[in-house]
Amino acid sequence: MPPARSAHPGEGRESAAARQASGDRLRFIGAATRRIARGIDLDEIVLGLCRATVPTFADAILVYLRDPLPVGDERPTGPVVLRLRRTDRIPEEPDTGGLRLPVLPAQPDLGPAMGGSAAELSEVRPGGPLAEVLRGVRPLFGEAQAARTALPELLGPDTRLPGGHRVILAPLRGRRRVIGAAVFLRRPDRPSFDPDDLLVAAQLATHTALGVDKAVLYGREAYIADALQRTMLPDSLPQPTGVRLASRYLPAAETARVGGDWYDAIPLPGSRVALVVGDVMGHSMTSAAIMGQLRTTAQTLAGLDLPPQEVLHHLDEQAQRLGSDRMATCLYAVYDPVAHRIIVANAGHPPPVMLHRGGRAEVLRVPPGAPIGVGGVDFEAVELDAPAGATLVLYTDGLVESRIRDVWTGIEQLRERLAETARLTGPNPPPLEPLCDEVLDMLGPGDRDDDIALLAARFDGIAPSDVAYWYLDPKAQTAGQARRLARRALARWGLDELSDQLELLVSEVVTNAVRYAERPVTLRLLRTDVLRCEVGDDVPQLPRLRQARPSDEGGRGLYLVNRMARRWGATRLSMGKVVWFELSMPPATRH
């Protein structure tokens, strides 16, 4: 048996060198793909590709992406256009033979390239050489025939490229389609790309394209959720009698994206107003959608004039119908400007802060309650004084809680900021809009982990001298009695010139009320910046405005109210309804 032939020492060294090169290549691909995958948005992913590639793999890189980038299953219309998104290179050296490599631009979508400027926009002609290379997906050396004709179409005909295997054109293919291309370049003084480098370029291109797909989908979802959330927030706040309102909404920081915070102010019968602030747990489009459903439900329940604790109870039931994990916090308050009182119920929400006229700020003691969606929990309401000149601040936890402070520390900082702002204005309450800005200024750079909803209500109230209230028996003579009482109230207020108009409308509304009422009818006049008349009865059916026929004996009362009143409306109560109208004050008596 012949003796075994030993391997040549040179072969062993070459094999070890090949294994070393293969190991280095695998380590580079692993590090590069991790760096690309760390990116969240589009720019971070493309920048990760550039930083991972230059100078380890290439001396320069140009990255082109489709403009606009398709999202998901969208079918783009029109021609395919590639835009230069970013270029990068290592610093030039004197011995490069005058060859200019790409420079990192001041703006990420522009940059000069070799021998002139690379095209910022490149339209991919159907059936052209660039379209064929992109369709083939595989990276190609710049010397390949297909790449040699495709590169001038991509970079521009005046661009001068290095010779030999010093250019790789790599299509970027996402999950469904080609979304761009990357061009890797090496200088003449550096070894040329070899066939194994085509595999490296393919790996880099694949991970980059999948990352871009992910970023585009994530960005679209965040945009839709943010737009959905903003659409569901009130366009403007109402201007109820006896209270002034201001609000702010700040979306979450980029790392948290959108959430489900909302606020609302809902006018109620009797010149009252419901103040609502809530927060759906989570940060997603689902959270924004649930927020919209809960806000709509709260508005509907407010229209029924239910007590605050009942509103939260029904919201809790609605959240359970939406799903077992649909959790939210909510604070619901009802302010009565005549009684100067506020009724508050809470469902796991941070307590409101009351800023009094003298500058004292206090955190209201409101039972915390369980969050909406827990189920089987009773909510408790408390009634508190709401003195004229006081300001109630309702907010979501994004204002007072973050990674660097707990919620109670944030609430105390909010209380101190309100008191400090009030001291600057002396005995007068601080203006509402600047007060909201001051509150938001307490946020530091690390305090924006969540979106923020803020609602501030300044209680002006209605003085007892500006209110007239009567109970009237539902009799045929009641309309005449109501006219006399209204005339006397106007005389006491110095508004005699409104007497004829008010008496006519009061007579019509009271006549409609006593026609079917079984219990006493209420008549209330409020003098503010307008003259408001409210007539309540125990009949739940709301009146409807209709055009009376010539033969009808009645049916013209609401038509007169609609024509003569500044505004009018009707609201159903738990035990009946209220019909109201407003008249403009004479210019000389407005206050």
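Starting from 1, each residue takes its place in the sequence as its number. Side chains are part of it too, since the values below use all heavy atoms of this structure and drop only hydrogens, waters and symmetry mates.
- Ring orientation note: the planes of Y395 and H349 are tilted relative to one another, at an angle of 30° to 60°.
- At a threshold of 4.5 Å between non-hydrogen side-chain atoms, the residues M585 and R527 count as touching.
- A salt bridge does not link E44 to R35: none of the charged side-chain nitrogens sits closer than 4.0 Å to a carboxylate oxygen.
- Residues R524 and S271 come closest through the heavy atom pair NH2-N, 4.0 Å.
- Counting heavy atoms from C-beta outward, Q413 and V400 have side chains that stay 4.5 Å or more apart.
- In this structure, OG in S247 is found 10.0 Å from CG in D264, a value given to the nearest 0.5 Å.
- When V579, L523, V510 are each tested for a side-chain contact (heavy atoms from CB on, under 4.5 Å) with C533, only one passes: L523.
- Taking a 6.0 Å sphere around CZ of R365, one finds it holds 12 or fewer heavy atoms contributed by other residues, nucleotides or ligands.
- Put simply, the side chain of S499 gets close to the backbone of D496: a donor and an acceptor are under 3.5 Å apart.
- For the atom pair R566 CZ and S584 OG, the distance stands at 5.0 Å (nearest 0.5 Å).
- For R417, the salt bridge (charged side-chain N to carboxylate O under 4.0 Å, His left out) partners are E438, not counting sequence neighbours.
- Here the shortest heavy-atom pairing between L331 and P350 reads CD1-O, 3.9 Å.
- Electrostatic pairing of D305 and R272 counts as a salt bridge here, judged by a charged N lying under 4.0 Å from a carboxylate O.
- Residues L525 and L502 have side chains in contact (heavy-atom distance under 4.5 Å, counting atoms from C-beta outward).
- Judged by distance alone, with hydrogens and angles left aside, the side-chain atoms of R563 form no donor-acceptor pair with the main-chain N or O of L560 at under 3.5 Å.
- Distance CG/L414 to CE/M442: 5.0 Å, rounded to 0.5 Å.
- Looking at every heavy atom in both residues, F379 comes nearest to N346 through CD2-O, 3.6 Å.
- Taking each heavy atom of A457 and L275 in turn, the nearest pair found is CB-CD1, 3.7 Å.
- One finds the CG atom of L233 at 9.0 Å from the CG atom of D261 (value rounded to the nearest 0.5 Å).
- Pairing each heavy atom of A265 with each of P238, the nearest pair is O-CG, 3.3 Å.
- The closest donor-acceptor contact from the side chain of R492 to the backbone of S465 lies at 3.5 Å or more, if one exists at all.
- With contacts defined as side-chain heavy-atom distances shorter than 4.5 Å, the pair D385/R341 qualifies.
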*Passes side chain to side chain contact (heavy atoms under 4.5 Å, CB included), L364 versus V382? Steps please.*
CA-CA 10 Å; L364 297 185; V382 294; over 6 Å; no
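- H313 and Q309 share no donor-acceptor pair across their side chains, judged by distance under 3.5 Å alone.
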*side chain to side chain contact (heavy atoms under 4.5 Å, CB included) between I462 and T241, worked out*: CA-CA 8 Å; I462 300 176; T241 302; 3.4 Å; yes
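- Here the side chains of V216 and V212 are in contact, with some heavy-atom distance below 4.5 Å.
- Between the side chain of T522 and the backbone N or O of G536 there is at least one donor-acceptor pair closer than 3.5 Å.
- The distance from the CZ atom of F581 to the CD atom of E534 is 10.0 Å, given to the nearest 0.5 Å.
- Taking both residues in full, the closest heavy atoms of A422 and G359 are given as CB-CA, 3.7 Å, listed atom of the first, atom of the second, then distance.
- No side-chain heavy atom of P308 sits less than 4.5 Å from a side-chain heavy atom of V344.
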*Would you check, one step at a time, whether the test side chain to side chain contact (heavy atoms under 4.5 Å, CB included) holds for W262 with L294?*
CA-CA 9 Å; W262 89 90; L294 292 180; 4.1 Å; yes
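- Within 6.0 Å of the CG atom in D378, the count of heavy atoms belonging to other residues, nucleotides or ligands does not exceed 12.
- For S507 (side chain) and E503 (main-chain N/O), no donor-acceptor pair under 3.5 Å exists by modelled atom type.
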*Walk me through it: do E420 and R423 pass the test salt bridge (Lys or Arg N to Asp or Glu O under 4.0 Å)?*
CA-CA 5 Å; E420 179 183 348; R423 283 194 293 270; 5.1 Å; no
*Take Y263 and L237 through the test side chain to side chain contact (heavy atoms under 4.5 Å, CB included) and record every step on the way to the result.*
CA-CA 10 Å; Y263 62 87; L237 293 172; 3.9 Å; yes
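- Between the side chains of Q318 and R321, at least one donor N or O lies within less than 3.5 Å of an accepting N or O.
- A 4.5 Å side-chain heavy-atom check between R248 and I452 finds every atom pair outside the cut-off.
- Residues forming a side-chain contact (heavy atoms from CB on, under 4.5 Å) with L542 (at least two apart in sequence, or on another chain): R544, A570, R572, K577.
- Taking CG of L301 as the start and NE2 of H314 as the end, the distance is 6.0 Å to the nearest 0.5 Å.
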*Go through the steps for D316 and Q320 under the test side-chain hydrogen bond (donor to acceptor under 3.5 Å, both in side chains), then give the verdict.*
CA-CA 6 Å; D316 180 54; Q320 293 178 71; 3.1 Å; yes
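- Between the side chains of D406 and T409, at least one donor-acceptor pair of N or O atoms lies under 3.5 Å.
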*asked:* The test is side-chain hydrogen bond (donor to acceptor under 3.5 Å, both in side chains); show your working for T396 and D279 and say whether it passes.
replied: CA-CA 6 Å; T396 54; D279 182 5; 5.3 Å; no
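- Listed by chain and number, the residues in a side-chain contact (heavy atoms from CB on, under 4.5 Å) with A513 are V521, V535, D537 (sequence neighbours excluded).
- At least one side-chain heavy atom of T391 sits under 4.5 Å from a side-chain heavy atom of L432.
- Counting heavy-atom neighbours within 6.0 Å of Q239 CD, excluding the residue itself, gives a total of 12 or less.
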